[in-house]
Structure formats: C-alpha cells, structure tokens
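Start at 1 and go down the list; that is how both ligands and their atoms are numbered. Residues: numbered from 1 along the sequence shown.
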Amino acid sequence: MGWNNGLILIFSLQFFLSNVYCLHRSQFKPSFLFGTGTSSYQIEGAYLEGNRALSNWDVFTHTRDGSNGDIADDHYHRYMEDIDLMSTLGVNSYWFSISWSRILPKGRFGDVNQAGISFYNKVINAILARGIEPFVTIHHFDVPQELVDQYGAWLSSEIRKDFGYFAEVCFKAFGDRVKYWTTFNEPNMVTKLGYMIGMHPPGRCSQPFGNCTYGNSSLEPYIVAHNIILSHATAVDIYRKYYQAKQGGHIGIVIAATWYEPLMTTTADILVAKRAMAFNQYWFLDPIFFGNYPSVMRQMLGPNLPTFTPEEKTLLKEKLDFIGINQYTTTYAKDCIHSTCVIDAFDGNALVLTT
Ligand SMILES: *[C@@H]1O[C@H](CO)[C@@H](O)[C@H](O)[C@H]1NC(C)=O
Ligand SMILES: *[C@@H]1O[C@H](CO)[C@@H](O)[C@H](O)[C@H]1NC(C)=O
C-alpha cells in the first residue's frame with residue numbers, strides 16, 4: 001500500500017514539475033548529488049560464489065514461495081554493465097550496501113573474505129572512475145546466518161561487537177575512497193517487518209500483529225531496536241576515534257520516515273499522529289540525538305522498553321554527521337485508545353490509514 005501511494009506522489013510530482021517548472025540539471029550546482037540506490041541482496045545474486053556464506057535472507061527465502069535473491073540482477077557478474085548504465089544516466093552518486101556474509105562469512109568468528117573485499121573494491125573503483133560518488137550502507141537488512149545460529153543476531157547484545165567489527169573492516173578496506181557511510185538503512189523497518197509483523201526474516205511475531213510460530217510483537221521489536229541503536233553508536237565511535245580524521249568522511253543513518261497526519265482534528269487524533277511519529281522514527285532518532293527514547297514510548301511501553309545505562313547514553317549522543325530520510329508516503333492516524341478500532345501497526349495505538 002505504501003508503495004502505491006509513493007508512486008502516485010512521484011508521478012504527480014513529475015507531471016507538476018514537467019508542466020509548470022521544467023527543472024534542468026543546470027539549475028543545480030555541479031556538486032548537487034543525484035543518484036541511484038540498491039541493496040546487496042536485491043541485486044548481487046551469486047549467493048554462493050566468492051566464498052560468500054548464507055545470510056538470514058537466503059535462509060528465509062528458501063523456506064518461502066520460491067522467490068529469492070540467488071541470482072537477482074546478477075550484479076556480481078554484471079556490475080560493470082550496471083555502472084556504465086548509471087554513467088549514461090548522468091548520475092553523480094550511487095548508494096549501495098555491502099553483503100555482510102560476503103565480507104565476513106562467519107562474522108567475527110572467522111576470517112575476512114578477500115574475494116568479497118576485492119568485489120567491492122572493483123565496484124568502488126569503477127564508479128569513482130566515472131565521477132560517481134559512493135555512498136555505502138553497512139547494513140541493509142542482511143546478517144550472516146552464522147550470527148543468527150550462534151546467538152539470535154539482533155535479539156542479542158552480542159551483535160554490537162559483531163557490527164562494530166564488520167564496520168571497522170569496511171572502514172579499513174574502503175574508507176580511503178568512501179566518504180559517505182550509512183550504518184543502517186531503515187532499521188525501523190528491519191525491526192517492524194522482522195519482529196513485529198513477521199513478514200521479513202526472522203519471521204517472528206505474535207497475535208494480533210501477525211501469525212508466526214515464534215516471537216513476541218510487544219517485546220522483541222524493542223530489544224532488537226535497542227541493539228541496533230547501540231550497534232550504530234559503536235560503529236560511529238570506532239569511525240570517529242580511528243578513521244574519520246585521517247579518511248575525512250561522514251557517517252549517518254537512514255530512517256524510513258513516514259509522516260503521520262491526524263485523521264480528524266480532534267485532540268485524540270492530533271496526539272496519536274504525534275505518537276505514531278515517535279513510535280516510527282523518533283524511536284531511533286531520539287536516542288541518537290538526545291541519548292534516550294521519546295518519553296511517550298517510555299510511558300506507554302514501561303518495562304518492555306529497554307533502558308540505556310549512563311555509559312551508553314554518553315556513547316550515543318550526537319552520533320551522526322547526517323540523517324538520511326526515505327520518504328515513501330504520508331498516512332492518516334486514528335486514535336485507538338479512546339475509540340474502538342483494530343490496530344494494524346503498533347505505532348502508539350494508532351490505526352494507520354494508508355488510503
Ligand atoms: C496461523 O497459521 C497457522 C499455521 O500456518 C494456521 O493453521 C492458522 O489458520 C493461521 N491463523 C490465522 C488467524 O491466520
Ligand atoms: C510478551 O512479553 C510480555 C512481557 O514479558 C509478556 O507479558 C507477554 O505475555 C508476552 N506475549 C507473548 C505472546 O508471549
């Protein structure tokens with residue numbers, strides 16, 4: 001549903017711009033970045049080549065309806081063709097992610113895979129040679145299955161060490177050329193889709209949010225988010241201490257930022273729109289800016305929301321050079337505390353209406 005709304009917005013904006021304004025590249029400074037974006041699992045394929053190990057997505061898709069990323073766009077073999085296409089398009093930036101299990105097949109419990117490093121070196125060098133600036137996402141939804149098997153990946157605080165290690169391997173290998181790092185792409189979607197409604201791996205949830213074999217939708221998303229937020233802080237801390245000064249880059253995070261409007265101009269709906277914003281995006285951004293979760297989340301979730309220790313709060317603060325926003329759509333929010341409705345997302349007891 002979100003996608004449809006997003007597409008309508010893009011098409012109508014295009015219609016509006018082409019009929020009224022006629023934008024041209026020349027109206028933007030040459031340094032303004034226009035780009036394309038991908039994620040490793042969605043394009044690379046070659047899921048068992050070059051010593052790559054299985055990720056959570058390989059394992060998940062292989063138990064579902066037969067669609068998977070085994071081959072995908074075969075970018076692993078056809079990357080040069082893809083990069084030439086981008087060059088023809090005239091873009092000057094390219095945002096892509098690194099497959100964790102291609103670089104570290106066993107996480108921090110095994111060796112760095114030189115074949116994986118070499119693949120991304122070829123991609124980075126080829127785009128730079130065409131005047132395209134690399135923007136690299138360290139985590140775009142995929143985790144080595146090894147870490148799921150060893151300790152449950154994002155459900156365990158162990159993952160913070162693994163993510164910090166993975167990020168450091170990336171800074172060390174690519175940071176001489178990559179100047180824009182994104183720690184996580186849409187961690188709020190990783191959390192909600194994987195642990196609240198169970199649509200993405202590991203497919204965990206509980207009623208009434210979804211029908212999964214395992215999971216707890218009112219508890220696990222908050223544990224997972226907590227570990228992601230602290231993993232972000234760990235990676236940024238490593239970058240700031242050991243790499244940023246010498247490599248001269250920037251590091252940030254990208255959030256799926258849905259905007260919520262009150263359905264009616266009642267106090268209850270105005271408040272629920274604010275709560276939905278908190279439960280969707282300030283959940284991740286407030287800790288990174290201010291060192292703590294939004295107060296409305298703390299009030300509503302009580303002991304189900306983990307807390308930060310004083311040391312963690314210090315580690316967290318101002319851990320951003322930029323914020324990335326993926327904005328697909330705006331939705332209406334209807335209060336479900338003071339009126340009866342079936343909640344379809346746990347955005348602060350809001351019924352989120354996408355039509
Ligand atoms: C939940 O899943 C089980 C097993 O797949 C199925 O038997 C059951 O009908 C489902 N329940 C609902 C409410 O969808
Ligand atoms: C989820 O966890 C909470 C807090 O521990 C507990 O009260 C609730 O019963 C659990 N729900 C399920 C479905 O296991």
Side-chain angles (χ1 to χ4, degrees), residues 56-57 59-60 63-64 141 143 145 147-163 184 186-233 255-256 258 260 271-272 274-288 291-313 316 333-352:
N56 58 335
W57 271 94
V59 172
F60 184 77
T63 63
R64 302 281 150 151
F141 294 20
V143 188
Q145 181 62 24
L147 305 183
V148 179
D149 296 341
Q150 286 219 20
Y151 54 74
W154 299 111
L155 282 167
S156 163
S157 60
E158 279 292 299
I159 195 86
R160 301 176 204 168
K161 282 184 229 155
D162 264 293
F163 187 74
F184 287 89
E186 300 191 354
N188 47 341
M189 291 298 113
V190 171
T191 307
K192 285 187 189 185
L193 298 173
Y195 301 84
M196 197 174 282
I197 62 170
M199 252 176 65
H200 280 188
R204 296 178 68 93
C205 67
S206 60
Q207 300 280 358
F209 301 99
N211 187 24
C212 304
T213 315
Y214 306 101
N216 185 335
S217 299
S218 32
L219 187 67
E220 290 183 355
Y222 306 105
I223 296 168
V224 165
H226 199 69
N227 287 324
I228 290 180
I229 291 163
L230 288 166
S231 296
H232 162 86
I255 302 287
T258 304
Y260 297 89
L271 286 175
V272 82
K274 288 188 177 162
R275 284 206 303 276
M277 297 280 279
F279 275 77
N280 187 63
Q281 51 244 31
Y282 305 146
W283 179 13
F284 286 82
L285 292 175
D286 273 20
I288 297 168
N292 211 347
Y293 292 112
S295 58
V296 67
M297 291 189 79
R298 283 182 272 146
Q299 282 159 23
M300 288 181 70
L301 298 170
N304 285 0
L305 186 68
T307 52
F308 296 108
T309 65
E311 296 76 38
E312 287 169 348
K313 286 186 179 180
L316 270 167
K334 173 178 162 36
D335 176 79
C336 292
I337 296 179
H338 304 97
S339 62
T340 44
C341 47
V342 181
I343 302 166
D344 65 358
F346 204 60
D347 289 334
N349 277 313
L351 174 63
V352 176

| Can you list the residues that meet the side-chain hydrogen bond (donor to acceptor under 3.5 Å, both in side chains) rule with K313, with sequence neighbours excluded? | none
| said: Checking the side chain of R298 only, and the main-chain atoms of L305 only, is there a donor and an acceptor separated by less than 3.5 Å? | reply: no
| field | Within the 4.0 Å heavy-atom sphere of ligand 2, strictly under, residues | value | S206, N216, L219, N304
| task | Keeping to residues at least two apart or across chains, list the salt bridge (charged side-chain N to carboxylate O under 4.0 Å, His left out) pairs with something in residues 213-233. | result | R204-E220
| request: Look at the side chain of N188 and the backbone N and O of Q281, then say whether any donor-acceptor pair between them is shorter than 3.5 Å. | output: no
| Does Y214 have any side-chain hydrogen bond (donor to acceptor under 3.5 Å, both in side chains) partners at least two apart in sequence or in another chain, and if so, which? | none
| note | Only one of V143, N56, V148, V59 passes side chain to side chain contact (heavy atoms under 4.5 Å, CB included) with P201, and that residue is N56
